Each structure stands twice: as C-alpha cells, then as structure tokens.
**Student:** 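Following this message is one structure expressed as structure tokens.
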Amino acid sequence: MNAMTTRAERKQKFVLQGIPFIIFGIAAIPIWKALKKTDAADMQVVSPNVLSMLLNDLYILLSVSCLAILLGIVCAFYLEEWLPKNNWARRLIESHVAILTSIPSTLYGILAISIFFSYAGTLKVIDGAPPAQNTESIPFQRNTTLFCGEVLTFIFMVTPVTIKTTQEALRSVATPVREAVFALGASQWQVLRQHVVPIAFIRILAGGCRAMSRAFATAALLIGIYIWYDTTDAGGMSGRFILFLAVSLFLSVFSSSLTEVYDSDLTQRS
Amino acid sequence: MLTEEKQPILSIRDLNIWYGDKQILRDLSFEVQQRQVTAFIGPTNCGKSTLVRCINRLNDFTPNFRSIGEILFKGSHLHEASDATALRKQIGMVFRKPTLFRCSIYENVAYGAQIAGVNQSEHLDIIVEKNLQKTGLWDEVEDILDETPEQLSTGQQQLLCIARALAVDPEVLIFDEPCGELDPIETVKIETLVRDLTNEYTLIFATNKRRQAARVSDVAGFLYGGELIEFGATEKIFTNPQDNRTEQYVTGRLG
C-alpha cells in the first residue's frame with residue numbers, strides 16, 4: 001500500500017516537473033519556425049489604427065495567458081513547494097525573477113525590437129506606402145514573425161510577475177494549516193491539491209490578472225513603437241528617439257497605474 | 001515496575017539538533033513506554049516543541065534543520081524509514097492552536113481516514129462517530145456535522161482536532177501545548193480526555209505548565225536550555241527531584 005502510494009506520488013511529481021519543459025517545447029517549435037521564415041509575402045505589418053491595435057492586444061492576451069501565465073504558475077509551484085529552501089538554484093532564480101519584475105515594461109519593448117524583431121528579418125510595410133493611406137485597404141492581418149516576437153517578449157515580461165504573485169499566494173497559506181495536514185499523514189501532493197491550492201486560488205487568479213494588465217498595457221505600445229521605428233523617415237534618428245521616449249513614458253505610467261490598482265485591490269481584499 | 005520490563009515504543013539516544021549554527025537540543029537520551037503519558041516540561045524556548053516535532057519528522061520542513069542521534073520507533077530507525085507520511089499516520093499530533101480545515105465538521109474528522117484509503121461512506125460514518133464519541137464531542141455536534149467548525153468554541157475546536165488525529169488510528173499521539181489557548185474549564189476537559197486516552201494510545205505531552213504535567217503524566221522530563229536535566233516518574237520529579245534546577249523549576253523559582 002505504502003510502496004504504491006509513493007510510486008504514484010513519484011509519478012505525479014515527475015509529470016509536474018515535466019510540465020514546464022513540455023510548455024517550452026510546444027511554444028518553441030512554431031516560434032522557431034516563424035523566426036526562420038523569410039518569405040517576403042508573409043511580411044506584412046498591421047496598419048497602426050485603433051481597431052487593429054485592440055485586436056492585436058486581445059490576440060496577445062489570449063496567447064500570453066495560455067503560455068506565460070501557465071508557465072509562471074507552474075514555475076512558482078515548483079520553486080515554492082519542491083525545491084529545498086536553501087538551494088542555490090532557488091536563490092538564483094528568485095533573484096532573477098526579482099530583477100525582471102522590477103524592469104519597466106517599455107524596456108521590454110526595446111528588447112523586442114533589438115533582439116527578436118531584428119533577428120526575424122526586416123519588416124516592411126507593403127509597397128513602402130505610408131501606413132495612414134493603407135488603413136482602409138489592409139484588413140486586420142496577422143504577421144507571424146511579428147506576433148511570435150511579441151509573444152516571446154511577453155513571456156519574458158509576464159512570467160516573472162506571475163511567478164512572484166503566485167509565490168506570494170502560496171506563502172499566504174499559513175504554516176499551521178500545512179503542518180496540520182502533514183501530521184495526519186498526508187503526502188506533499190495531497191497537502192498541495194486539497195488544501196493549499198483551494199486557499200491560495202483566488203490570490204493566484206488575482207496575480208494572473210495583474211500580470212495580464214501589464215501585458216495588455218504594453219501590447220499596443222510594442223506594435224506602435226515598431227511601426228514608428230520602421231516607417232518614420234523624417235527627423236532622423238534623434239527625432240524618432242524623442243518620439244519613442246515620449247510614447248514609452250506615457251505608456252509605462254499608464255501600465256504602472258493599472259498595476260497599482262490591482263495591488264491596492266489585493267491588499268484591500270486581504 | 002511492570003512497565004520497565006516492556007519493550008519501549010520509542011527510544012531516543014544522544015539526540016542533538018541544530019537550526020543552522022544554533023544548537024537546540026544537546027545529548028538527549030530517554031525511552032517512552034507504551035500506554036503512558038510522557039510529559040516534557042520546561043520554560044519557553046527550551047526545545048520542547050523541537051523535540052516532539054522530531055518524533056513525527058515535522059522538522060523535516062524546517063530550513064537548516066540538522067540532527068545527529070538515534071530515534072527508534074518500535075525498534076526501527078526513524079530517519080532511515082523512507083516514508084515520512086506512513087510514519088505520521090502512526091504518530092499523530094495535536095498543536096497548540098486548533099487549526100481546522102475549511103470544510104464541514106464531518107469532513108474534518110473523516111479526512112485522515114480518507115487519505116489513508118477508507119472510501120466507503122458507511123465506514124467513514126462509523127469512524128467519525130466513534131472518534132467524536134471518544135473525545136466526548138459527539139452529543140454537542142451530532143446535529144451540526146454538515147456545518148463548518150467555526151461556530152464551535154476554541155475548546156471544542158481543540159477536541160475536534162484531537163478527534164481528527166484519532167481518526168487516522170495512530171499508536172502515538174503528540175500534544176504540543178494543547179491547552180495554550182484555552183480557558184481553565186476547557187483545559188480540564190482536555191486533561192481528562194488525555195488521561196482516558198492512555199487506555200489505547202501512547203501519549204507525549206509538551207507543556208510549560210508545571211501543575212498540568214503533574215496532573216496528566218506518568219513519566220516526566222525536565223528540559224532546560226536544550227538539555228534533559230531530569231527524566232523519570234512524575235511523582236519523583238515533583239516530590240523528590242534529584243537535580244537542583246529541577247527542584248527550582250517545579251517549585252516555581254526558575255523559569
């Protein structure tokens with residue numbers, strides 16, 4: 001009986017530890033394919049109007065919630081519940097998570113432009129025409145390369161926030177509760193599934209919402225910045241840079257105020 | 001005299017425990033006999049909780065925890081037993097503060113049996129009723145089994161915690177200051193229950209109340225500064241202590 005339960009536990013543990021790798025794998029294949037793709041017909045930039053940016057936002061939200069938030073939650077569970085408390089890997093990951101969460105979201109935009117987009121090949125607006133004239137002629141159209149670049153950026157941006165909030169949610173479950181369950185002979189898995197997760201669930205959800213608000217506030221910025229960066233001829237480099245800074249500043253203030261709303265909401269609830 | 005011939009259920013030899021660099025317990029050696037109440041007394045921070053938590057390996061979760069020494073449970077080494085969950089099914093624990101799960105009274109008591117593999121509702125009904133009757137709580141909660149335990153008084157909650165621990169059917173039950181948050185009337189109830197439970201279980205009782213230890217225990221140990229100063233029959237500890245510090249503690253001049 002005991003041997004069987006431990007074997008089942010080991011299996012569950014193994015599966016749980018495998019989930020991050022599987023998610024990485026699933027995410028990596030299409031992204032890699034898209035990055036390798038240099039077909040000119042595929043290189044179409046979405047015209048910078050409000051509707052397409054909103055749709056872009058929603059699309060990003062969907063894919064990021066599937067990938068980054070899930071990844072973040074799984075990572076946080078692994079860090080908090082399975083890794084030993086004074087493990088060097090845990091210290092390394094936690095310090096990096098702390099650094100990544102404190103970076104303003106606009107810097108991720110620069111990261112996206114400088115790494116993902118430039119490696120993905122040059123993007124051109126069709127026929128070189130200014131985007132304003134193309135607004136009616138181009139319907140909402142996805143560009144796989146641009147999209148994958150964005151999703152990669154958001155994985156970098158949203159995952160640390162989710163890890164942090166989920167860890168805090170798990171820590172909020174008091175030690176006496178865990179000890180009381182352990183003292184009855186429950187395994188780690190049973191403690192987690194039957195007691196910790198039901199108590200921490202609402203906080204994990206709120207953390208996910210907070211991370212999503214961060215992503216939502218920056219998704220439009222990313223594509224906007226890219227189009228300015230790519231299509232502005234006038235003003236030269238400095239003009240573009242000032243424009244870029246102004247937009248970044250505005251959007252980072254917007255997104256930080258949004259996250260503050262969620263923060264205060266969380267503290268009020270607790 | 002009879003008890004000394006029996007095989008001890010738990011024997012501890014030269015137990016040393018550290019949290020990081022801080023040594024909590026030094027060279028503890030004693031034996032716990034079956035169906036007796038063994039009490040550990042001593043001032044706060046003398047290592048009582050650490051000691052009793054060692055016995056069902058709850059300290060495994062404490063970071064920087066380190067121990068040297070032998071703990072033998074029914075003749076086998078505790079730290080060599082790979083499965084701590086199986087061990088905790090045999091050595092139950094009741095904590096200072098009653099911590100109940102956020103479900104009904106019935107589910108609270110049935111939980112331990114459920115994770116031990118009892119699934120039929122008839123069996124669970126029997127287990128719940130039997131253990132609530134053992135703790136004397138059955139008459140009070142019979143009609144509200146499906147409601148949450150928050151409406152119960154602290155004393156009733158602690159009794160429910162004991163019933164929950166008993167439902168796993170352990171051999172040893174550890175009490176870590178079970179009356180720390182209770183009023184005198186509820187304390188009397190718990191103490192009476194502890195005496196009754198010796199018919200079926202071996203009990204280990206950590207407390208910082210001298211009189212309480214004198215009332216409930218058969219064997220007592222005095223811990224001071226991480227050392228087991230004196231260990232022996234309760235009567236002897238309280239009426240004729242060998243060590244000067246024990247005498248000072250039981251008479252109230254120390255700690």
Side-chain angles (χ1 to χ4, degrees), chain A residues 1-13 77-94 167 169-204 269-270, chain B residues 19-20 49 52-53 55-66 81-103 107-117 157-158 160-170 172-176 181:
Chain A
M1 172 73 200
N2 284 329
M4 266 180 69
T5 50
T6 46
R7 201 179 302 155
E9 272 164 35
R10 245 175 253 151
K11 203 189 251 176
Q12 281 165 337
K13 233 185 228 179
F77 269 94
Y78 182 67
L79 274 178
E80 200 58 33
E81 304 291 335
W82 270 280
L83 264 182
K85 287 275 183 284
N86 45 3
N87 185 293
W88 63 270
R90 184 197 173 94
R91 278 201 300 274
L92 190 79
I93 295 170
E94 280 189 344
Q167 270 189 312
L170 290 175
R171 273 176 209 160
S172 74
V173 181
T175 330
V177 177
R178 290 167 191 263
E179 282 182 347
V181 193
F182 273 123
L184 292 175
S187 65
Q188 174 109 39
W189 176 254
Q190 285 165 328
V191 172
L192 204 61
R193 199 188 45 152
Q194 294 166 349
H195 293 273
V196 174
V197 172
I199 295 171
F201 182 74
I202 192 75
R203 277 163 175 269
I204 294 173
R269 210 175 298 169
S270 64
Chain B
Y19 288 148
S49 288
V52 295
R53 284 160 61 92
I55 295 166
N56 67 350
R57 287 181 64 183
L58 263 186
N59 275 333
D60 289 9
F61 304 109
T62 316
N64 301 322
F65 167 77
R66 198 157 55 89
S82 60
D83 200 357
T85 57
L87 178 82
R88 292 191 197 109
K89 285 188 178 107
Q90 295 177 321
I91 305 179
M93 186 153 182
V94 176
F95 299 88
R96 178 190 169 94
K97 199 178 175 190
T99 313
L100 289 155
F101 308 142
R102 284 203 259 177
C103 47
E107 283 166 337
N108 261 291
V109 182
Y111 182 76
Q114 270 173 336
I115 58 172
Q157 287 187 13
Q158 191 64 287
L160 190 57
C161 282
I162 297 171
R164 189 179 64 186
L166 292 177
V168 192
D169 203 18
V172 180
L173 200 57
I174 300 167
F175 289 82
D176 188 3
E181 312 227 328

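Sequence lines set the chain letters: A, B, ... in the order given, protein chains first and strands last, and positions in each chain run from 1. Both backbone and side-chain heavy atoms feed into the values below; hydrogens, waters and symmetry mates do not. As the structure is a computational prediction, the values presented were derived from the model and not from experiment.
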**Student:** Would B:N56 and A:F182 count as a side chain to side chain contact (heavy atoms under 4.5 Å, CB included) if you check the C-alpha gap in whole Å, the side-chain angles of each, and the deciding distance to 0.1 Å?
**Tutor:** CA-CA 10 Å; B:N56 67 350; A:F182 273 123; over 6 Å; no
**Student:** As an exercise, state the distance from CD1 of A:I199 to CZ of B:R102, rounded to the nearest 0.5 Å.
**Tutor:** 5.0 Å
**Student:** Against chain A, label B:L100 side chain, backbone, both or neither, depending on which of its atoms sit under 4.5 Å from a heavy atom there.
**Tutor:**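 Neither part.
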**Student:** Go through the steps for A:Q194 and B:I115 under the test side chain to side chain contact (heavy atoms under 4.5 Å, CB included), then give the verdict.
**Tutor:** CA-CA 10 Å; A:Q194 294 166 349; B:I115 58 172; 3.9 Å; yes
**Student:** Holding to salt bridge (Lys or Arg N to Asp or Glu O under 4.0 Å), I want the full list of residues that pass it with B:R88, two or more places apart in sequence or in another chain.
**Tutor:**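 Applying salt bridge (Lys or Arg N to Asp or Glu O under 4.0 Å) to B:R88 gives none.
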**Student:** Please classify the contact between B:R96 and chain A as side chain, backbone, both or neither, with a heavy-atom cut-off of under 4.5 Å.
**Tutor:** neither
**Student:** For A:A183 and B:M93, work out which heavy atoms get closest and say how close.
**Tutor:**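 Nearest heavy atoms, A:A183 then B:M93: CB-CB, 3.9 Å.
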**Student:** Of all the heavy-atom pairs spanning B:A165 and A:L184, show the shortest one and how long it is.
**Tutor:**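 Smallest heavy-atom distance, with atoms named: CA-CD2, 3.9 Å.
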**Student:** Measure the spacing between CD of B:Q114 and CD of A:Q190 and express it to the nearest 0.5 Å.
**Tutor:**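 The distance works out to 10.5 Å.
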**Student:** Which class fits the ring pair B:F101 and A:H195: parallel under 30°, tilted 30 to 60°, perpendicular over 60°?
**Tutor:**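 Taking A:H195 first and then B:F101, their aromatic rings sit tilted (interplane angle of 30° to 60°).
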**Student:** Decide if atom CZ of A:F201 counts as having more than 12 heavy atoms of other residues, nucleotides or ligands within a radius under 6.0 Å.
**Tutor:** no
